[in-house]
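Below is one structure, written out as structure tokens; the observations come after it.
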Amino acid sequence: MRVGLAGFGAWGLMHARVYAQLPGTELAAIFCQGDATAQAAASAYPEAALVRSFEDLVALPLDVVAIAVPNHLHARYAVAALRAGKHVILEKPLGVTLAECDAVLAAAQESGRKVAVNHELRVSQQWRQVREVIAVGEIGRLTHQHLSLFRRPFRPGSGGWRQEEARVGSYSLEELVHFVDLVMWYARENGLPDRVTARASDGSAMPQTLSALLDWPDGSSALVTQCLAGFQHHSLLEIAGSAGAIRTSWSAAFDRAEHPSFSLWVQGAGESDASERPIAFSGELFELEQNLACALASFAGEGEPSLSLIEAHNAVALCLAIQEAGRKGHPVSLVDWTT
């Protein structure tokens, strides 16, 4: 399967390494806009065609276009690739507005091609195992979730794009979108949340701290917090169910660490105490490869991507609603946001 990669920044480089080593996959072309990244790509992958415009990339005989560029370009590039007849691997978020998300969904339907949005936590041994515990009923009906992220500030990105609202969209769409997707995934049996209340450290799209309380029609809830004024990289998830509970955490010096610490504890129905569940490894360096392999297999007709486009759309919708609730200072109804 011939893959063309758009973007060769820090995360695009990680994509390239995966495509270059996956069996049955060829990194056939790389699009770089900047001179420095173009030189780096040509040096690292001389066998791949190097192009300097996205239009030249999608004109090549490729099966897949992988998009790892700043957020504001995601939807535009995805639509162009789909219209050129390519399958698409798209870094999250799906888009920075609901209109952009809708445009990608429409282009996918019209073209008959698939889009896999890279929410790599969906395939994680740690975070996916939480979903499996809930799905088989070990803790009964899910009633409450608390998911927190405490970390150092985001990297500025190439050209400082993460520091510009016009290009990043919102800090809720950077990392919080992963956790928003997780809490909706874990609460799948409860339906979609119908209200969000949020508090942010300031009224911008890029606050240092953000807390959101999600309410479901059945009375269940989720508290999701993001602190970008901390140190290292730490995430914690605590879940209460009608008959049990789950607690899992992940910590490292930085988010792409090769040797993080992590654990998963479950107290199932009828158990007097919690027990630790085994996890072989956890971290985005491992999960990126797994999720990209899953996406490529789905393009070949072997299964589906790890989450649907509707789920990717709803994750963006909820993040944008959280941002609006934080700015307004009062609850926002989610009825007209999610699909």
Side-chain angles (χ1 to χ4, degrees), residues 1-33 37-51 54 57-58 60-71 73-74 77-78 81 86-94 113-128 155 157-158 174-175 177-178 181 233 250 252 254-260 280-307 312:
M1 190 167 286
R2 291 170 54 83
V3 178
L5 174 63
F8 201 72
W11 200 233
L13 176 59
M14 304 302 297
H15 272 256
R17 290 174 180 170
V18 174
Y19 303 132
Q21 68 183 18
L22 275 180
T25 303
E26 176 190 353
L27 180 58
I30 303 173
F31 156 52
C32 297
Q33 194 167 36
T37 53
Q39 292 173 7
S43 176
Y45 300 100
E47 69 282 1
L50 179 65
V51 297
F54 189 73
L57 182 71
V58 297
L60 295 173
L62 304 169
D63 302 296
V64 179
V65 170
I67 299 170
V69 296
N71 295 350
L73 297 172
H74 286 190
Y77 282 8
K86 324 297 186 186
H87 296 296
V88 172
I89 293 175
L90 181 62
E91 268 305 319
K92 56 76 193 164
L94 178 62
R113 295 295 186 263
K114 292 183 178 181
V115 179
V117 183
N118 188 35
H119 281 250
E120 71 273 3
L121 298 183
R122 286 287 192 114
V123 302
S124 164
Q125 289 197 21
Q126 178 178 4
W127 302 102
R128 184 176 185 85
R155 302 174 183 88
S158 177
E174 271 300 278
E175 194 155 9
V177 69
H178 283 299
D181 173 61
H233 195 101
W250 193 97
F254 56 97
D255 49 353
R256 296 170 192 171
E258 295 184 11
H259 304 288
F281 54 82
S282 179
E284 61 183 27
L285 289 180
F286 310 106
E287 293 144 5
L288 174 66
E289 180 174 348
Q290 290 180 296
N291 206 35
L292 297 184
C294 174
L296 292 167
S298 74
F299 299 159
E302 301 171 11
E304 294 296 326
S306 57
L307 85 165

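Residues: numbered from 1 along the sequence shown. Heavy-atom basis, side chains included; hydrogens, waters and symmetry copies ignored.
Distance CZ/Phe54 to SG/Cys32: 13.0 Å, rounded to 0.5 Å. In this structure, CG in Asn118 is found 10.5 Å from SG in Cys294, a value given to the nearest 0.5 Å. Note: His15 NE2 to Ile30 CD1 = 12.5 Å, rounded to the nearest 0.5 Å. How far CD of Gln125 is from CD of Glu287: 8.5 Å, rounded to the nearest 0.5 Å. Considering CZ of Arg2 and CG of Leu27, their distance stands at 10.0 Å, rounded to 0.5 Å. Atom CG of Leu292 is separated from atom CE of Met14 by 10.0 Å, given to the nearest 0.5 angstrom.
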**Request:** In sequence, state the C-alpha distance, the side-chain angles, and the governing distance for Val69 and His74, and then conclude on side chain to side chain contact (heavy atoms under 4.5 Å, CB included).
**Result:** CA-CA 7 Å; Val69 296; His74 286 190; 4.0 Å; yes
**Prompt:** Between Leu296 and Ile89, is a side chain to side chain contact (heavy atoms under 4.5 Å, CB included) present by the stated rule, with each step listed?
**Reply:** CA-CA 8 Å; Leu296 292 167; Ile89 293 175; 4.0 Å; yes
**Request:** Take Glu289 and Leu22 through the side chain to side chain contact (heavy atoms under 4.5 Å, CB included) test and state the conclusion after the steps.
**Result:** CA-CA 9 Å; Glu289 180 174 348; Leu22 275 180; 4.2 Å; yes
**CA sep, side-chain torsions, deciding dist, call: Glu304, Lys114, salt bridge (Lys or Arg N to Asp or Glu O under 4.0 Å)** = CA-CA 9 Å; Glu304 294 296 326; Lys114 292 183 178 181; 3.5 Å; yes
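No more than 12 heavy-atom neighbours from other residues, nucleotides or ligands sit within 6.0 angstrom of CD on Glu258. Atom CD of Gln290 sits in a crowded spot, with more than 12 heavy atoms from other residues, nucleotides or ligands closer than 6.0 Å.
When side chains are defined from C-beta on, Phe299 does not count as touching Asp63, because their heavy atoms never get closer than 4.5 Å. In this structure, Lys86 and Arg113 have side chains that are not in contact, with every pair of non-hydrogen atoms separated by 4.5 Å or more. Between Asn71 and Pro93, the closest side-chain pair of non-hydrogen atoms falls below 4.5 Å. Looking at heavy atoms from C-beta onward, Trp11 lies out of side-chain contact with Arg155 at the 4.5 angstrom threshold. Under the 4.5 Å side-chain criterion, counting only non-hydrogen atoms from C-beta, Glu284 is in contact with Asp255. At a threshold of 4.5 Å between non-hydrogen side-chain atoms, the residues His178 and Glu120 count as touching. Taking 4.5 Å as the limit, every side-chain heavy atom of Leu5 sits out of range of all side-chain heavy atoms of Phe31. Using a 4.5 Å cut-off on side-chain heavy atoms (C-beta onward), Tyr45 and Phe8 make contact.
Checked by atom type and distance alone, the side chain of His233 never pairs as donor or acceptor with a backbone atom of Ala252 at under 3.5 Å. Counting only distance, with no hydrogens or angles, the side chain of Ser43 and the backbone of Ala40 share no donor-acceptor pair below 3.5 Å. Using a distance-only test at 3.5 Å, with no hydrogens or angles considered, no donor-acceptor pair links the side chain of His119 to the main chain of Ser306. No donor-acceptor pair closer than 3.5 Å links the side chain of Lys92 to the backbone N or O of Val177. Checked by atom type and distance alone, the side chain of Arg122 never pairs as donor or acceptor with a backbone atom of Leu307 at under 3.5 Å.
Each of Val65, Leu62, Thr25 was compared with Val3 under the side-chain contact (heavy atoms from CB on, under 4.5 Å) criterion, and only Thr25 meets it.
In terms of heavy-atom proximity, Val88 sits nearest to Ala78 at CG2-O, 4.0 Å. Heavy atoms only, all atoms of each residue included: Trp250 and Ser282 are closest at NE1-O, 3.1 Å. Contact detail for Pro305 and Ala116: the closest heavy-atom pair is CB-CB, 3.9 Å.
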